[in-house]
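Accompanying notes for the structure given below.
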Amino acid sequence: MRDVIIIGGGFSGLVAGIILARKGKTITIIEKNDRIGKKILATGNGKCNLASVGEVKGKYNNGFPFYAIEKYGLEDEKEFFMSIGVPLRERDGRVYPYSEDAGTVLNALRREIEKLNVEVITGEEVTSIESGFLINKKYRAKKVILATGSNATMGSFSADLINKFGHKIIAPNPALVPILTAPEVVKGLRGIRARMGLTLTIDGNVTRQVIDEVLFKDNGISGTATFNLSVALARARKYNSARVKIDFMPEYSLEEIIELIKKSSGINGFFHKEIVTCLQRVSKEGSAYSLAYAIKNYDLGEVKLGAITLAQVVSGGLDTEQFDSVTLESKLINGLYATGEVLDVDGECGGYNLMWAYASARLVGDTI
């Protein structure tokens with residue numbers, strides 16, 4: 001009989017295991033992959049953006065995570081990672097390991113798990129949780145933490161492990177994911193990366209506007225601005241039509257761009273040559289006004305979310321109404337807790353999802 005079994009050996013599960021083991025609890029982590037923490041290596045494009053230094057309110061799909069994040073916020077997270085030998089650095093309002101290498105974070109978590117003699121079982125998928133917390137008909141614990149994450153990227157959707165106990169699941173949508181367009185509207189732009197404005201319109205209503213980096217792909221757009229737009233699209237769930245427009249010069253008004261075009265006798269030199277070609281193609285008149293309008297309102301047309309295998313997180317998961325935000329314990333099953341992305345909590349790009357993963361693990365670790 002273990003004190004706690006943690007299902008899932010990702011970021012949140014490993015942090016919870018460390019916190020509990022430091023308190024002298026007997027812990028077993030069960031991970032379906034052949035090794036723990038594989039998904040950590042993909043976070044932040046391999047740099048592992050651990051947190052943001054900015055305001056967290058308004059960055060999540062609901063208010064459920066705020067108790068945990070306010071209690072175990074940025075300074076607490078920094079202290080934890082310093083305690084396991086990960087020096088940090090801040091860049092552009094985001095916190096990274098000093099190495100800016102996700103492997104540094106994973107290796108430190110593994111070392112601490114080993115040092116604390118946490119039992120780790122890999123290569124075994126949890127397929128059943130029975131009353132009395134009998135796991136896979138062979139492991140038993142006093143308490144269980146569900147830290148299985150989601151089916152984003154290389155993950156799997158395992159929230160349904162507990163739906164037989166009455167827990168509701170919000171169907172997961174891919175979030176922090178590229179947005180797909182008709183290939184012809186981005187023809188010739190592949191690989192171009194620049195700061196620009198994006199506007200998402202859902203059923204005729206402006207839903208989200210973002211200014212940040214955009215990366216063009218063969219069949220759509222990616223980059224930080226796109227990811228934050230994708231979160232709004234994922235949360236919308238039911239709609240008939242979603243469209244995106246690009247503002248290639250968000251710092252300038254339409255009138256200012258018209259004057260610049262007249263002075264420059266065109267837009268050569270304003271952008272990458274392929275963007276110039278694209279804008280000239282859609283601006284059939286070729287007048288200063290039509291070029292300026294195309295720059296401010298380049299229509300990508302109907303869009304949809306990219307594949308869930310390309311998503312960094314999902315929007316959806318276990319219904320937070322059925323969990324106590326102060327303890328993260330199930331309101332239906334005493335002794336069952338959930339952390340991180342398995343719950344219906346998703347944050348914007350910039351470290352907010354790992355902040356939640358950390359804070360929720362820390363809260364459960366201190367609660368049990």
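Please read these numbers as outputs of a predicted model, since none were measured by experiment.
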Among I275, I257, N297, I267, the one residue meeting side chain to side chain contact (heavy atoms under 4.5 Å, CB included) with F248: I275

Ion pair R111/E114, N-O distance below 4.0 Å: no

Gap separating the CG atom of N62 from the CZ atom of R235, nearest 0.5 angstrom: 8.5 Å

Main-chain N/O of S315 paired with D346 side-chain donor or acceptor, under 3.5 Å: no

Row check, Y98 ring normal vs R89 NZ/CZ: under 6.0 Å, within 45°: yes

Value rounded to 0.5 Å, distance of OG in S12 from CD in E341: 10.0 Å

Backbone N/O of D203 and side chain of N240: donor-acceptor pair under 3.5 Å: no

Flag if over 12 foreign heavy atoms under 6.0 Å of NZ, K47: no

same_hphob_cluster(M82, V105) at 4.5 Å side-chain heavy-atom cutoff: no

Minimum heavy-atom distance between T367 and V326, given as atom pair plus value: OG1-O, 4.4 Å

K142 side chain vs M1 backbone, donor-acceptor pair below 3.5 Å: no

Shared hydrophobic cluster, V186 / L180 (ILVMFWY, side-chain heavy atoms < 4.5 Å): no

Derivation of the side-chain contact (heavy atoms from CB on, under 4.5 Å) call for L215 and T226: CA-CA 8 Å; L215 170 65; T226 305; over 6 Å; no

Within 6.0 angstrom of R190 CZ, more than 12 heavy atoms from elsewhere: no

Check against side-chain contact (heavy atoms from CB on, under 4.5 Å), V244 and T181: CA-CA 9 Å; V244 170; T181 69; over 6 Å; no

Minimum heavy-atom distance P97-V86, with the two atoms named: CB-CG1, 3.9 Å

Any donor-acceptor N/O pair, E125 side chain to T127 backbone, under 3.5 Å: no

Carboxylate-amine/guanidinium proximity below 4.0 Å for R362 and E79: no

Parallel, tilted or perpendicular: rings of F64 and W356 (30°, 60°): perpendicular

Exceeds 12 heavy-atom contacts within 6.0 angstrom, atom NZ of K115: no

K23 side chain to G365 backbone, donor-acceptor under 3.5 Å: yes

Short side-chain to backbone donor-acceptor contact, K296 and Y252, under 3.5 Å: yes

Flag side-chain contact, heavy atom, 4.5 Å: V342 against I7: no

Side-chain H-bond candidate by donor/acceptor type, D3 with T26, under 3.5 Å: yes

Cluster overlap L354 with Y67, hydrophobic side-chain contacts below 4.5 Å: yes

I368 side chain reached by I145 side chain, heavy atoms, under 4.5 Å: yes

Non-hydrogen side-chain atoms of T148 and V126 separated by less than 4.5 Å: no

Student check: side-chain heavy atoms of C278 and K187 closer than 4.5 Å: no

Closest contact, heavy atoms only, I129 versus I162: CD1-CG2, 4.0 Å

Min side-chain heavy-atom separation V144-L336 under 4.5 Å: yes

Heavy atoms from other residues, nucleotides or ligands near CZ of F271 exceed 12 (cutoff 6.0 Å): yes

Single-linkage hydrophobic cluster I27~I84, side-chain heavy atoms < 4.5 angstrom: yes

Polar side-chain atom of D344 near backbone of T320 as donor-acceptor pair, under 3.5 Å: no

Note: E112-R22 ion pair, threshold 4.0 Å (strictly below): yes

Spacing of I30 atom CD1 and I6 atom CD1 [to the nearest 0.5 Å]: 10.0 Å

Sole candidate of E70, M355, E348 that passes side chain to side chain contact (heavy atoms under 4.5 Å, CB included) when paired with V56: M355

Lys/Arg cation over aromatic Y139: R2, 6.0 Å, 45° cone: no

Distance, nearest 0.5 Å, that separates CD of E90 from OH of Y96: 10.5 Å

Nearest non-hydrogen partners of I258 and A292, listed with the distance: CG1-CB, 3.5 Å

side-chain hydrogen bond (donor to acceptor under 3.5 Å, both in side chains) between N136 and E124, intermediate numbers included: CA-CA 9 Å; N136 284 0; E124 180 167 354; 3.0 Å; yes

S360 side chain vs A357 backbone, donor-acceptor pair below 3.5 Å: yes

Distance-minimising heavy-atom pair for T327 and Y337: O-CD2, 3.5 Å

Test item: Y289 side-chain N/O and L254 main-chain N/O as donor-acceptor pair under 3.5 Å: no

Residues T122 and E31: side-chain donor-acceptor under 3.5 angstrom: no

Any residue meeting side-chain hydrogen bond (donor to acceptor under 3.5 Å, both in side chains) with R140, in chain and number order, not counting sequence neighbours: none

Residues D299, K245: salt bridge by 4.0 Å N-O rule: no

Partner of L229 under side chain to side chain contact (heavy atoms under 4.5 Å, CB included), chosen from V303, D212, I179: I179

ILVMFWY cluster, F270 and I211 together (side-chain gap under 4.5 Å): no

Gap separating the OG atom of S230 from the CZ atom of R208, nearest 0.5 angstrom: 9.5 Å

